[in-house]
Amino acid sequence: MRIGYPCINRTIGCRGGRTFRLSSYTEKRLLDTAGSNIACLKQILEWNLQNHILFFRITSDLIPFASHPVCTFPWQKYLGDELAQIGCFIEESGIRISMHPDQFIVLNSLDEKIVERSIAELFYHADIIDILGLGSTAKIQLHGGGLYGNPPESMARFVRRYDRLDPLIRRHLVLENDEQRFTAADCLSIHEQTGIPVLFDVFHHRCHNQGEGITEILSKIGKTWKTSDGTMMVDYSSQHPAKRRGSHAEQIDLDDFRTFLETSRPYDMDIMLEIKDKETSALAAVSLAKGDRRFV
DNA sequence: CCCTGTCAAGTCACG
DNA sequence: CGTGACTTGACAGGG
């Protein structure tokens, strides 16, 4: 078991996801920004290692506009050495990496142009992971997409589009249940038809489910991860006490997290904490998880 | 320096 | 029909 947090570290003072406006795109701007993002990524990973945080989600903004038509610049050539070095550090340290393309990536869209853009963005994500030199245990987590008033047909469309994806993307892709469209059960059904591993989001499941208990659903989801996929990944968060249903908590609710650790005891997993205060909650979770026999 | 309108991209619920 | 939520404010131009 590893504990992780996504994209941003507010303690160490650098930002790994700086971007700029499309209208100010130049090759120099791209290289400068991406270079500083990559340097920050390295700092974050080193800080994480010192703090026993061995799971991290790399921001999709690492190389701004990398999949946009405006970017014809071979950034891989210029930034590859630095990324490869970080990749070695990741491997030596036993760090696990995930990425999570944002909401605009919709594989099952009715609009072919959206699908094309989505696939270009997935290639960019796979590119980052491959340049880092990480294998098939580094994952890109994606939601099922839209329902478009016809859930079965929308699910079937996801399956068809997945089957046609380049293996370079497929080897890293995992499917995550979301808060209002595809439940964990839907994801398991898509897994049956495609073999795609399912990434369980505990909080989304609480908001949107078909009545299954956590232990029950985890036993099924655990089986969707093959040895080559690595330990199953799980997203964990809890409800913000004041905000509307589905809003992520500002800080980790340690009682709830303790309960989750107990409930999930039979299964090993790497846990991504989707909590607003990021590394602060991750540190608290690490302290708690140190008493768990699964924790590395 | 501070203020604030706007930012590549999609879907859906809510008011 | 406009806005906010999602993993997340922050860039950039004008004062």
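Being a predicted model, the structure only gives us computed values, none of them experimental. First the proteins, then the strands, lettered A, B, ... as listed; each starts at 1.
Residue contacts shown for A/Ser118 are absent, as no nucleic acid heavy atom lies under 4.0 Å away. Across all strands, A/Glu274 comes closer than 4.0 Å only to sugar-phosphate atoms, never to a base (heavy-atom distances).
Using a distance-only test at 3.5 Å, with no hydrogens or angles considered, a donor-acceptor pair links the side chain of A/Arg170 to the main chain of A/Leu165. Although no hydrogens or angles enter the test, the distance criterion places a donor-acceptor pair under 3.5 Å between the side chain of A/Arg181 and the main chain of A/Gly145. No side-chain donor-acceptor contact under 3.5 Å links A/Asn177 to the backbone of A/Phe182.
Atom CD in A/Gln180 sits about 8 Å away from atom C1' in B/dT11, given to the nearest Å. The distance between atom CG of A/Leu122 and atom C1' of B/dG10, rounded to the nearest whole Å, is 14 Å. Atom C1' of nucleotide B/dT11 and atom CD of A/Glu176 are separated by 16 Å, given to the nearest angstrom. As a whole-Å value, the separation of A/Phe203 CZ from C/dC6 P is 8 Å. What separates CZ of A/Arg57 from P of C/dC6 is a distance of 13 Å, to the nearest Å. When rounded to the nearest whole Å, the span between NE2 of A/His204 and P of B/dC12 equals 15 Å. If you take CD of A/Gln103 and C1' of C/dG9, they are 13 Å apart, rounded to a whole angstrom. One can place CG of A/Asp235 at 12 Å from C1' of C/dC6, the figure rounded to the nearest angstrom.
Comparing B/dC2 with C/dC6, their C1' atoms are spaced 30 Å from each other, to the whole Å. Separation of the P atoms belonging to C/dA5 and B/dC3 is 24 Å when rounded to the nearest angstrom. Separating the C1' atom of C/dT8 from that of B/dC1 is a span of 25 Å, rounded to the nearest Å. Taking the P atoms as reference points, B/dA8 lies 12 Å from C/dG13, given to the whole Å. Of the P atoms belonging to C/dA12 and B/dA9, the separation is 16 Å, rounded to the nearest Å.
With values rounded to the nearest 0.5 angstrom, A/Arg160 atom CZ is found 13.0 Å from A/Met155 atom CE.
For A/Thr259 and A/Asp256, the side-chain atoms include no donor-acceptor pair closer than 3.5 Å. Of the N and O atoms on the side chains of A/Tyr5 and A/Asn48, at least one donor lies less than 3.5 Å from an acceptor on the other residue. Defined by atom type and a distance below 3.5 Å, a donor-acceptor pair is missing between the side-chain atoms of A/Gln43 and A/Asn9. Side-chain atoms of A/Ser237 and A/Glu274 include no donor-acceptor pair closer than 3.5 Å. With no hydrogens or angles considered, no side-chain donor-acceptor pair links A/His172 and A/Ser136 at under 3.5 Å. Side-chain contact of A/Arg171 with A/Ser228: a donor-acceptor pair under 3.5 Å is absent, judged by distance alone. Under 3.5 Å, the side chains of A/Ser154 and A/Asn150 contain no donor-acceptor pair of N or O atoms. In summary, the side chains of A/Thr11 and A/Glu279 do present a donor paired with an acceptor at a separation below 3.5 Å, with no hydrogens or angles considered. Side chains of A/Gln103 and A/His143: a donor-acceptor N/O pair is absent below 3.5 angstrom, by distance only.
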DNA chain B in dot-bracket form (Watson-Crick or G-U pairs under 3.5 Å, [ ] crossing, | inter-strand) is |||||||..||||||

Walk me through it: do A/Lys226 and A/Asp229 pass the test salt bridge (Lys or Arg N to Asp or Glu O under 4.0 Å)? CA-CA 5 Å; A/Lys226 300 189 294 293; A/Asp229 295 313; 3.6 Å; yes

Stepwise, does the salt bridge (Lys or Arg N to Asp or Glu O under 4.0 Å) test hold for A/Asp292 with A/Arg265? CA-CA 9 Å; A/Asp292 196 297; A/Arg265 187 150 325 267; 3.3 Å; yes

Evaluate A/Glu179 against A/Arg206 for salt bridge (Lys or Arg N to Asp or Glu O under 4.0 Å), listing each step before the verdict. CA-CA 8 Å; A/Glu179 182 197 321; A/Arg206 280 187 193 154; over 6 Å; no

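DNA chain B lies under 4.0 Å from at least one heavy atom of each of the following residues of residues 65-72 of chain A: A/Phe65, A/Ser67, A/His68. The stretch residues 32-41 of chain A has no heavy atom under 4.0 angstrom from DNA chain B at all. Taking every heavy atom of residues 136-161 of chain A and every atom of DNA chain B, pairs under 4.0 Å involve A/Gly146, A/Leu147, A/Tyr148, by number.
A close approach under 4.0 Å does not occur between any side-chain nitrogen or oxygen of A/Lys113 and OP1 or OP2 of B/dA8. A/Arg117 has a side-chain polar atom (N or O) that falls below the 4.0 Å cut-off from OP1 or OP2 of B/dG10.
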Protein heavy-atom contacts under 4.0 Å, written 5' to 3' over nucleotides 10-15 of chain C as B (base), S (sugar-phosphate only) or - (none), form the string BBS---

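A/Phe104 qualifies as a stacking partner of the B/dA9 base, centre to centre under 5.5 Å and near-parallel within 30°.
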Would you give me the side-chain donor-acceptor pairs under 3.5 Å for residues 213-224 of chain A, sequence neighbours excluded?
{"unit_1": "A/Glu216", "atom_1": "OE1", "unit_2": "A/Gly213", "atom_2": "N", "d": "3.0"}
{"unit_1": "A/Ser219", "atom_1": "OG", "unit_2": "A/Glu216", "atom_2": "O", "d": "3.0"}
{"unit_1": "A/Lys223", "atom_1": "NZ", "unit_2": "A/Ser219", "atom_2": "O", "d": "3.4"}
{"unit_1": "A/Thr224", "atom_1": "OG1", "unit_2": "A/Val198", "atom_2": "N", "d": "3.0"}
{"unit_1": "A/Thr224", "atom_1": "OG1", "unit_2": "A/Ile221", "atom_2": "O", "d": "2.7"}

